[in-house]
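Below is one structure, written out as structure tokens, with a few remarks after it.
Values below: every heavy atom of this structure, side chains too, minus hydrogens, waters and symmetry copies. Indexing begins at 1, ligand by ligand and atom by atom, following the structure's order.
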Amino acid sequence: MAEKLAIEGGTPVLKRSDFGNWPIITADDRRLVNDVLDSGIVAGGTAPQVTALEKEWAEYVGSKYCLTTVSGTSALHMSLAAGGIGPGDEVITSAFTFLASASCAIHQNAIPVFVDIDPRTYCMDASKLEAAINERTKAIIPVHIQGCPADMDAVMAVAKKYNLFVIEDACQAHGAMYKGKKVGSMGNTGCFSLNNFKNLCGGEGGLFNTEDESLLNKAALVRCFGDEVDEVSRRRVYNASILGYMYRNQELPAALTRAQLMHLDEHNAVRIANCNYLTQELGKIDGIIPPYCPSDCTHVYFMYNVRFAPKFAGVDCEPRKFRVAVEKALYKEGMLVGQWQTMPVPAQDLFQSKLGYGSSGYPWSINEAKGIKYDYNVDQFPVSQELCDTYTVVHGIHPPNGKELMDKFIAAFHKVFANLDVAIAHADDEIYPGADGKLYGAA
Ligand SMILES: *Cc1c(COP(=O)(O)O)cnc(C)c1O
């Protein structure tokens, strides 16, 4: 007789207190942040912490230059502006990503175009890229999704053929490697987020990398109002030459990021060990499809996904219902599970309604006025849709959590998969798996 599921009143496998916190704060964080407070310098485009972080991050990624900024989204927008992408230009990105990979184009009055994903890596399917290119296409934004490197050789080959600008959205992949190169070093620019969930945390913030000095200079203008700087005195002249924004970072987040960077590789190694172990063990359970990473790449597991295939689990259940049933049962066992993106990005209301700026229909209307149609029908992205129907994120794979917690995760999966009929019977229970800590119920 199998153990009674927590969803039926049995004892949960996990307690909330089994989970350690992310980010991990060490003496390095306290020291560097206190240095800022002691110095009295809290901000400035060339202040000590942001300057040091730019140097250290450029070295880490293996690119020539880096600029700190306020967010990953602003790094993406700075890239498009520096690359000369403008109103009515088309920018191609992946259908399974975070909104900002696409909305950054709208911020530049350009029009996002989506390409479906590879069913194994969940990154943009480069074999579908050429079909999305036309004379208006100016840029491609491959996304290293959840920490898995995108197929950069294939993306760069297409970009070269059509003379397109490439912006790597590496916001989820600090330290990930593609064929011996760090992600963020291969495109014209590479962009990273420093928000509190990401592998490298500064509270909030972003990093912009490039090899190209002219892109660096343009991005620096975009970052600070478009305001020119006097070449001799290095002072702002209060004469804006282009449209810019206020995207400067500040000393406290930069200091926190520098301290976190000292531990990035060590922390990524724990994520990788945890996830490889989960993949090895969960892969033995029929009906669970763990994530995949090409053998010549290093995945850094910003997130750890599993997909469910009810057919292989030996049950006759509609896949979406099955996924919800398993999530709810796992959640009751005390696991932190739940979906991140629930639909392909083009399915979001912004793209369906094309209401970006009030009721203007802008920027789509720029080209629609010329008879060009933009169709965000989700049927064009079946692989992304199938993923969204069938995946859940297993939270808590980051350090300080280790093998002991992973063993509990594995036990919870085994328990639920030994009682699938019971779990499915509870598929419609009012339980809300999600990332909201207070909802995780297991005492
Ligand atoms: C987090 C994230 C961003 C945006 O980063 P912010 O710092 O939150 O602006 C962009 N793209 C992807 C894929 C992300 O995960």
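- Counting heavy atoms closer than 4.0 Å to ligand 1, residue Thr97 contributes side-chain atoms (C-beta onward) but none from N, CA, C or O.
- Heavy-atom neighbours of Phe312 CZ from other residues, nucleotides or ligands within 6.0 Å: at or below the threshold of 12.
- Counting atoms of ligand 1 from 1 in the listed order, those under 4.0 Å from a heavy atom of Gly205 are 7 (O).
- The shortest N or O to N or O distance between Phe98 and ligand 1 is not under 3.5 Å.
- The protein heavy-atom contact nearest to atom 2 (C) of ligand 1 is Lys198 NZ, 2.7 Å.
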Could you check Arg223 against Glu54 for salt bridge (Lys or Arg N to Asp or Glu O under 4.0 Å), going step by step and ending with a plain yes or no? CA-CA 14 Å; Arg223 186 176 69 161; Glu54 286 168 353; 3.2 Å; yes
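- Classification of the Phe308-Phe322 ring pair by plane angle, with boundaries at 30° and 60°, yields perpendicular.
- Cation-pi contact between Lys182 and Tyr60: present, with separation from the ring centre below 6.0 Å and deviation from the ring axis of at most 45°.
- Within the 3.5 Å criterion, the main-chain N or O of Ala427 finds a donor-acceptor partner in the side chain of Lys328.
- Of the protein's heavy atoms, Gln172 NE2, 2.7 Å lies nearest to atom 15 (O) of ligand 1.
- Looking only at distances, a side-chain donor or acceptor of Asp18 sits under 3.5 Å from a matching main-chain atom of Lys15.
- When only non-hydrogen protein atoms are considered, atom 8 (O) of ligand 1 lies nearest to Asn195 ND2, 3.2 Å.
- Counted by atom type alone, Asp389 and Gln385 present one or more donor-acceptor pairs between their side chains at under 3.5 Å.
- Closest heavy-atom approach to atom 9 (O) of ligand 1 within the set Leu99, Thr73, Leu76: this belongs to Thr73.
- Among protein heavy atoms, atom 10 (C) of ligand 1 sits closest to Cys171 SG, 3.5 Å.
- Residue, atom and distance of the protein heavy atom nearest to atom 11 (N) of ligand 1 are Asp169 OD2, 2.8 Å.
- Assignment of Glu204 to the shell around ligand 1 is not supported, since no heavy atom sits closer than 4.0 Å.
- When the heavy atoms of Ser74, Ser193, Ser101 are ranked by distance to atom 7 (O) of ligand 1, first place goes to Ser193.
- Closest of all the heavy-atom pairs between Asp227 and Leu221 is O-CD2, 3.4 Å.
- Those atoms of ligand 1 that come under 4.0 Å of a heavy atom in Ala100, given as number and element, are 10 (C).
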